[in-house]
Trainee: 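This is the structure I want to talk about, given as structure tokens.
Basis for what follows: all heavy atoms, side chains included, without hydrogens, waters or symmetry-related copies. Just so you know, residue 1 is the first one in the sequence shown, and it goes up from there.
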Amino acid sequence: MASTVEICNNALIALGAETIMALTENSKAARLCNARFASARDAVLRAHPWNCAMARTSLAQESSSPAFGYSYSYQLPGDCLRVIQAYGADKEPIDDWQVEGRSLLCDEATVYIKYIKRVTDPNQLDSLCREAISARLAAEIAYALTQSRTAEKNMWEIYNGLKLTEARAIDAQEGTPVDESEDSWITVRG
């Protein structure tokens, strides 16, 4: 069973630091992990359309409409980290929509979305996604824990160049590939 402490300990091990038993213990490592874990997790989840964090829902129309530009405003779910695609009543993708604050704006009277949700249970995350979170956490706390800019730089390189890339590549292989058919403007250029 994966846990937040396990993810944090993987980050600490990468930094050569002592592991912790709980985020609430009285140690610098635990305080840093406790302070940075949620933001590191959310940043990693937001950085890629992870299969393990994907969700779909209908949106509730807000009582007031936008002042201009769009006809309708919809409240995003509280756990929404990133909207991947908006769909109309016919469940076909909408081409013209925008997220502003915690609302989605568009001209459709009914809206559904596919989105990245905040996943707080580590057991619901893919193992490579958990490793990417550990790597990002290590990068975020590296300087505060080691006082070394070199260690911090190395941890960011591991996160961006290895862990995140590997996790994204494997995650992208789970599902039907997106049809990359040529748009009319590309065909015209040919």
Side-chain angles (χ1 to χ4, degrees), residues 1-60 75-85 99-104 113-175:
M1 298 286 287
S3 70
T4 300
V5 171
E6 178 185 335
I7 294 170
C8 291
N9 279 335
N10 289 340
L12 295 170
I13 290 167
L15 291 168
E18 293 291 321
T19 59
I20 60 174
M21 296 298 289
L23 292 176
T24 55
E25 73 183 44
N26 188 21
S27 69
K28 184 175 186 176
R31 287 190 298 274
L32 287 169
C33 287
N34 193 33
R36 300 300 309 156
F37 177 79
S39 65
R41 178 202 61 217
D42 289 355
V44 170
L45 290 175
R46 190 168 156 74
H48 175 73
W50 302 99
N51 296 325
C52 60
M54 198 67 68
R56 297 168 190 249
T57 192
S58 60
L59 297 182
Q75 181 67 44
L76 292 173
D79 65 353
C80 179
L81 295 175
R82 176 180 166 197
V83 176
I84 301 301
Q85 181 62 58
V99 171
E100 288 184 2
R102 298 297 303 158
S103 299
L104 183 136
I113 61 168
K114 182 163 73 168
Y115 71 102
I116 299 298
K117 67 179 177 178
R118 176 178 292 112
V119 178
T120 58
D121 178 358
N123 292 297
Q124 299 302 310
L125 296 171
D126 176 84
S127 61
L128 292 177
C129 182
R130 288 192 303 263
E131 285 187 26
I133 294 168
S134 287
R136 178 160 184 128
L137 181 61
E140 288 190 15
I141 66 174
Y143 184 75
L145 203 58
T146 66
Q147 302 303 302
S148 168
R149 291 288 180 204
T150 301
E152 178 185 37
K153 181 178 181 253
N154 290 342
M155 290 298 110
W156 279 112
E157 288 173 1
I158 289 169
Y159 166 67
N160 286 311
L162 179 63
K163 295 297 185 178
L164 191 58
T165 302
E166 176 189 24
R168 283 176 168 171
I170 298 299
D171 187 70
Q173 294 174 22
E174 296 181 325

Trainee: Mind checking the OH-CD1 spacing from Tyr159 to Ile133? Nearest 0.5 Å is all I need.
Mentor: 9.0 Å

Trainee: Hey, could you give me each pair passing side chain to side chain donor-acceptor pair (under 3.5 Å) that has a residue in residues 9-25? Not counting sequence neighbours.
Mentor: Glu25-Ser27

Trainee: Does Arg46 CZ have over 12 foreign heavy atoms under 6.0 Å away?
Mentor: no

Trainee: Given side chains that start at C-beta, do those of Cys8 and Leu23 come closer than 4.5 Å, heavy atoms only?
Mentor: yes

Trainee: Closest approach of Ala14 and Met155, non-hydrogen atoms and distance?
Mentor: O-CE, 3.8 Å

Trainee: What's the verdict on side-chain contact (heavy atoms from CB on, under 4.5 Å) for Leu12 and Ile141, showing C-alpha distance, side-chain angles and the deciding distance?
Mentor: CA-CA 9 Å; Leu12 295 170; Ile141 66 174; 3.9 Å; yes

Trainee: Sequence neighbours left out, what passes side chain to side chain contact (heavy atoms under 4.5 Å, CB included) with Ile170? Give chain and number order.
Mentor: Leu128, Gln173

Trainee: Could you list the residues that satisfy salt bridge (charged side-chain N to carboxylate O under 4.0 Å, His left out) with Arg36, not counting sequence neighbours?
Mentor: Glu140

Trainee: Rounded at 0.5 Å granularity, tell me how far OG in Ser39 sits from CG in Leu137.
Mentor: 8.0 Å

Trainee: Check Ile84 against Pro49 and note the closest heavy-atom contact, atom names and distance.
Mentor: CD1-CB, 3.8 Å

Trainee: For Arg118, enumerate each residue passing the side chain to side chain contact (heavy atoms under 4.5 Å, CB included) test, keeping only those at least two apart in sequence or located in another chain.
Mentor: Arg41, Asp42, Asp79, Leu81, Thr120

Trainee: Determine whether Glu6 and Ser134 make a side-chain contact, defined as any pair of heavy atoms from C-beta on separated by less than 4.5 Å.
Mentor: no

Trainee: Side-chain contact, heavy-atom cut-off 4.5 Å: Trp50 with Leu125?
Mentor: no

Trainee: Nearest heavy-atom pair of Ala55 and Lys117: which atoms, and what distance?
Mentor: CB-CD, 3.9 Å

Trainee: Please confirm whether the backbone N or O of Asn160 pairs with a side-chain atom of Thr165, one donor and one acceptor, at under 3.5 Å?
Mentor: yes

Trainee: Supply the atom-to-atom distance Ile20 CD1 to Lys28 NZ, rounded to the nearest 0.5 angstrom.
Mentor: 14.5 Å

Trainee: Kindly state each residue pair satisfying side chain to side chain donor-acceptor pair (under 3.5 Å) with at least one member in residues 124-133, sequence neighbours excluded.
Mentor: Glu131-Lys163

Trainee: Find out whether Leu76 and Ile113 are in side-chain contact, i.e. whether some heavy atom of one side chain is under 4.5 Å from a heavy atom of the other.
Mentor: yes

Trainee: Nearest 0.5 Å please: distance from the OG1 atom of Thr150 over to the CG atom of Asn154.
Mentor: 6.5 Å

Trainee: Does the side chain of Val5 come within less than 4.5 Å of Cys33's, by heavy atoms?
Mentor: no

Trainee: Where is the tightest heavy-atom contact between Ile116 and Met54, given as atom of each residue plus distance?
Mentor: CD1-CE, 3.9 Å

Trainee: Any heavy-atom pair between the side chains of Trp156 and Arg136 that's under 4.5 Å?
Mentor: yes

Trainee: When rounded to the nearest 0.5 angstrom, what distance separates OH in Tyr115 from CG in Leu59?
Mentor: 9.0 Å

Trainee: Which residue pairs satisfy the salt bridge (Lys or Arg N to Asp or Glu O under 4.0 Å) criterion with at least one member in residues 145-156, sequence neighbours excluded?
Mentor: Arg149-Glu152, Lys153-Glu157

Trainee: Ignoring hydrogens, what is the shortest heavy-atom contact between Ala2 and Asn123? Give both atom names and the distance.
Mentor: N-OD1, 2.8 Å

